[in-house]
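Beneath this line is the structure, given in structure tokens, with notes to follow.
In what follows, residues are counted from 1 in the order of the sequence shown. This one's a predicted model, so the numbers in the text were calculated from it and none came from an experiment. Side-chain atoms are counted along with the backbone in the values below, which use heavy atoms only and exclude waters and symmetry mates.
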Amino acid sequence: MTTMLIMFAGVLVGATVFPKGLKKWNDRLQLGMTALLIFTMGVSLGSRPGFLEELGAIGVKSLIFALVPILFSVALVYPLSRRFLERPGEEPGEKGRAE
């Protein structure tokens with residue numbers, strides 16, 4: 001929860017306070033902080049006792065947590081894109097007509 005609050009605060013600062021002229025440096029800072037976040041998450045996971053024994057179960061849970069949103073996203077986006085996006089070679093007024 002603390003990580004989410006810090007990230008939200010960073011978004012607010014970046015969107016409101018950070019000068020537009022320093023965008024290049026802001027991008028670099030974001031990349032560095034993201035790398036630091038991933039590193040510290042790895043250190044925290046690796047320092048848990050019994051981590052290697054739990055690795056199989058953690059991997060399966062992670063796979064499920066990744067696949068479920070992917071599947072629901074595709075299931076939602078695919079029909080919406082077929083409905084609302086134009087197809088190549090199609091006239092703009094032809095959308096929604098029976099083929």
Side-chain angles (χ1 to χ4, degrees):
M1 184 66 174
T2 304
T3 303
M4 294 300 290
L5 290 174
I6 292 170
M7 291 174 73
F8 182 69
V11 168
L12 285 177
V13 168
T16 58
V17 178
F18 211 83
K20 301 277 188 234
L22 297 176
K23 183 183 179 318
K24 180 179 178 180
W25 290 102
N26 188 19
D27 291 344
R28 290 179 180 173
L29 180 64
Q30 286 178 6
L31 180 63
M33 291 295 109
T34 302
L36 180 63
L37 174 66
I38 293 169
F39 175 76
T40 56
M41 288 172 66
V43 168
S44 115
L45 277 175
S47 65
R48 288 174 46 182
F51 173 71
L52 291 177
E53 290 80 23
E54 298 173 0
L55 193 56
I58 291 172
V60 170
K61 287 181 184 177
S62 298
L63 181 64
I64 291 170
F65 280 132
L67 287 179
V68 169
I70 290 169
L71 292 174
F72 278 108
S73 296
V74 170
L76 182 67
V77 169
Y78 182 74
L80 290 174
S81 64
R82 292 197 40 93
R83 168 96 171 113
F84 294 109
L85 294 179
E86 294 178 18
R87 292 179 196 101
E90 180 181 81
E91 293 295 322
E94 293 180 20
K95 240 189 260 184
R97 291 187 184 169
E99 294 179 14

State which residues pass side chain to side chain donor-acceptor pair (under 3.5 Å) with Lys61; sequence neighbours excluded, sorted by chain then number. none
Inter- and intrachain pairs under salt bridge (Lys or Arg N to Asp or Glu O under 4.0 Å), touching residues 64-79, at least two apart: none
Running the 4.5 Å side-chain criterion over Ile, Leu, Val, Met, Phe, Trp and Tyr, what cluster does Leu67 land in, apart from itself? Leu63
Which atom pairs, donor and acceptor, lie under 3.5 Å between side-chain atoms of residues 28-55 and protein residues at least two apart or in another chain?
unit_1, atom_1, unit_2, atom_2, d
Thr34, OG1, Gln30, O, 2.8
Thr40, OG1, Leu36, O, 3.1
Thr40, OG1, Leu37, O, 2.9
Ser47, OG, Val43, O, 3.1
Ser47, OG, Ser44, O, 3.1
Arg48, NH2, Glu54, OE1, 2.4

Starting from Val60, walk the hydrophobic network (Ile, Leu, Val, Met, Phe, Trp, Tyr; side-chain heavy atoms closer than 4.5 Å) and list everyone else you reach, by chain and number. Ile64, Val68, Phe72
What pairs of residues pass the salt bridge (Lys or Arg N to Asp or Glu O under 4.0 Å) test when at least one of them lies in residues 4-25, not counting sequence neighbours? Lys23-Asp27
